[in-house]
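Whatever order the structure lists ligands and atoms in, that order sets their numbers, starting from 1.
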Amino acid sequence: MKLANEIGIASTHLEALSFNPLELGVIQAVRQNGYLSRTDLSERLKYSRASLTPIFTRLVSLGILTEVGQGKSGGGRPPIMLGINGSLGYAAGVDIGATSIDIALADFTGQILERCSEQADVRIGPKQLLSRVKENLIKLLSKRGAGQDRLLAIGIGVPGPVEFATGLLIAPPLMPTWEGFPIKEEMRRSYHVASIVVDNDVNIMAKGEQKMGAGIGLDNFMFIKIGTGIGCGIISAGEVYRGSDGCAGDIGHICVDAEGPVCHCGNRGCLEFVSAGAAIAQKAVTGVQEGKSQFLADRIKAKDGVLTAKDVGEAAAAGDRLANEIVRESGKLIGGVLAGLVNFYNPRAIFIGGGVSNIGNQLLAAIRHTILSRATALSTIKLRVEYSELGESAGVHGAIHMALENVFIKTN
Ligand SMILES: [Zn+2]
C-alpha cells in the first residue's frame, strides 16, 4: 500500500485506492454521508469500535480519511468526525452533449473547483472530441498547479445508450461514429492513473440531482431530460437503476401516436419525435406558414429562416397563442407518458431538465396537470413534479459523484 502523498506517482490507481472489504465499507459510508464519527461508523457497519480502530488509524495515516472537526455531543466529549480527505487527488466530471462539452474539476469530496464549457458537435467523432476534453482537463488541472497524474477519477456522460460495464455506446442515434468506440481506453492513454466511468447523460444528471440538488434525501425519483431527445434517469432505492443492459429509461421512443410521423428509429409516433425540441420548432414553422403567429413570423425572418424551441418558449412567454398551444401540446404528450410511468414505478418526485426545460413554466404546468389528472390517486398524493434544481449543472455534478463512487475498489 502506498501512502497518500505517493498516490500521484503510483503506476496505477489500483495500487493506491484498493482496500479490503471492511476498509472499503468504512470509506464508502463516510463518502456517502460527508462525515461520520467513529461511533457512527461502528453502529452503521455493525462492528465494535475496538475492531474498527486499527482501520480508522490506517485510513487516516494513509491520508484517505481526515479528521474534519467535532460533531454534536451526546452528553460527554463531542466526537471527532471523519471525512474523505479532499486533497487526496482530483476528480473530473465531463458532460458531453450533442452540441457542447461541459467539464468540471473537483476535489475528492466532490466540491467543484474549476469549470469550463465549449461548443462542440459530437458528430466530429470520438477521437477529435475526446482530444478536446483532454486538452480542457489539462488546462483546468494547470489552474490548480496540478499535473495529469493527480487526476484520479473521471466520470463521463454521453448522449446515447451506454453498456455501463464496458462504457461502450451501442447504436447511438445522435452519434453513430461513436458506436463501440473504447472511450475509457482512449482517456486512459493520457490519464493512466485515473479510474474512468462512462454512462448515459440522463443517468448522470439523475445522480447529480440526487447528490447536490432537489433529489437530496429521496430514494425513488425520475429525472427527465427534454432536449433534442427525451430520456429518463431512474433512481431506485437510492441507486441509479440501469436495467439488464444499461438502457432502462429510454422513454423517448415510447409510442404516443400509432398513426403519427415516422421517427428516425423507424417507428411511428415516438414521444420525442412528436414533442421534443425539433418537433416544437417544426410545429412553429408550420404554424407560421399557415399565418398563425406574427411574433414567430418576425422571429423566423430575423433569424434567416431558423427557428428553435427556445424561440417558441420566448414567444409563449410573450403571450403568443400559437407558441402557447405548441408548448402545452408537448407538455400533454410528455405528461401522458409520465403518468403511465408514475403508475408503474410510484416515484416520490419527477425532476425535469435538459435544454428544452428552459422554455418556460407552461411546459411544466402542462406536464404536471396531465400527470396529476391521469395517474392513480395514491401514486400522486405526495408526488413532486418540478424543474431540476441544478439545471445545466446536473450533468457535471453527477459525473463527478459517479466517478468518486467507483474510484475506491476492493482488493482481489
Ligand atoms: Zn423513435
Closer than 4.0 angstrom, basic N to acidic O: yes or no for [X] and [Y]?
| X | Y | result |
| --- | --- | --- |
| Glu272 | Lys225 | no |
| Asp199 | Arg242 | yes |
| Lys207 | Glu405 | yes |
| Lys292 | Glu325 | no |

Ignoring hydrogens, what is the shortest heavy-atom contact between Glu179 and Ala171? Give both atom names and the distance.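 It is OE1-N, 2.8 Å.
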
At less than 2.8 Å, how many protein N/O/S atoms surround the Zn ion (ligand 1)? Leave waters out.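 That number is 4, waters not included.
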
Over 60° means perpendicular and under 30° means parallel, so tell me whether Phe108 and Phe408 are parallel, tilted or perpendicular.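 Phe108 vs Phe408 ring planes: perpendicular.
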
